[in-house]
Asks: 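Have a look at this one.
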Amino acid sequence: MRLSEGLLNPTKKALVVDDCCNMIEAQLASKSGISGIALKTAFAALKGVKPGYIPHVVEQLLPQCFEALDPIWGEGVQKGDPVGHLVESRSRTADALLSITDARVKDSKRQIVRGTYDKFRGSAKQHVEEAVPDFAKLIDKYTKA
């Protein structure tokens, strides 16, 4: 079963989206310094686009993200440790996820979204790599549920 089929079935989808949003919030909360303040400010601006914007975007992106991660996750399943493999492959995992957001932002008609993304894209890979362990655990939680 592909990740997108298992994780986005109607009984799990809302829970997965909520947990992803909570994970994003926790990742942001852990950031400090000037770059942390800048990230938090940018995220607040995106949240202000319209009510529910972040959960909506997460819900829209997850199927493509899971599709992109399927090969890496599958390799981990074959090795007997998909979470560990995703974490060990964090650079490849981040590249796969960022390829989805890069394509999505390119088509965005909202200037605040494009501008904010472009501003932080240079450091995005590092932040995504830091989030991979939590995201891998989240995926594992729902693949077992």
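All values below come from the heavy atoms of this structure, side chains included, with hydrogens, waters and symmetry mates left out.
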Asks: Report all side-chain donor-acceptor pairs from residues 28-36 shorter than 3.5 Å, counting only partners two or more places apart or in another chain.
Replies:
residue: Ser30; atom: OG; partner: Gln27; partner atom: O; Å: 2.7
residue: Lys31; atom: NZ; partner: His127; partner atom: ND1; Å: 3.2
residue: Lys31; atom: NZ; partner: Glu130; partner atom: OE1; Å: 2.3

Asks: State, yes or no, whether a side-chain contact exists between Leu97 and Thr93 at a heavy-atom distance under 4.5 Å.
Replies: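 A side-chain contact exists here, since the closest heavy-atom pair is under 4.5 Å.
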Asks: Tell me every residue that passes side chain to side chain donor-acceptor pair (under 3.5 Å) with Ser89, counting only those two or more places apart in sequence or in another chain.
Replies: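 By the side chain to side chain donor-acceptor pair (under 3.5 Å) rule, Ser89 matches no residue at all.
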Asks: With a 3.5 Å distance limit and no angle check, can you tell me whether Asn22 reaches the backbone of Asp18 through a side-chain donor-acceptor pair?
Replies: yes
Asks: Which residues pass the side chain to side chain donor-acceptor pair (under 3.5 Å) test with Asn9, not counting sequence neighbours?
Replies: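 In terms of side chain to side chain donor-acceptor pair (under 3.5 Å), with neighbours along the sequence ignored, Asn9 is linked to Thr11.
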Asks: Side chains of residues 41-60: which donor-acceptor partners sit under 3.5 Å, not counting sequence neighbours?
Replies:
residue: Thr41; atom: OG1; partner: Ile37; partner atom: O; Å: 2.8
residue: Lys47; atom: NZ; partner: Glu25; partner atom: OE2; Å: 3.0
residue: Glu59; atom: OE2; partner: Lys13; partner atom: NZ; Å: 3.4

Asks: Are there over 12 heavy-atom neighbours, none belonging to Lys40, within less than 6.0 Å of that residue's NZ?
Replies: yes
Asks: Got Arg90 and Val87 here, is their nearest side-chain heavy-atom distance under 4.5 Å?
Replies: yes
Asks: Under the salt bridge (charged side-chain N to carboxylate O under 4.0 Å, His left out) definition, can you give me all pairs with a residue in residues 98-116, not counting sequence neighbours?
Replies: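 Listed once each, the pairs are Asp102-Arg121.
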Asks: Can you name the side chain to side chain donor-acceptor pair (under 3.5 Å) partners of Arg92, sequence neighbours left out?
Replies: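 Per chain and number, Arg92 pairs via side chain to side chain donor-acceptor pair (under 3.5 Å) with Glu75.
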Asks: Answer yes or no: is there a side-chain heavy-atom contact under 4.5 Å between Ser108 and Tyr117?
Replies: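 The answer is no; the side chains never approach within 4.5 Å.
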Asks: Quick one, Asp140 and Phe135 - any side-chain contact, counting heavy atoms below 4.5 Å?
Replies: no
Asks: Check whether any side-chain N or O of Asp70 sits under 3.5 Å from a backbone N or O of Arg2 as a donor-acceptor pair, and report yes or no.
Replies: no
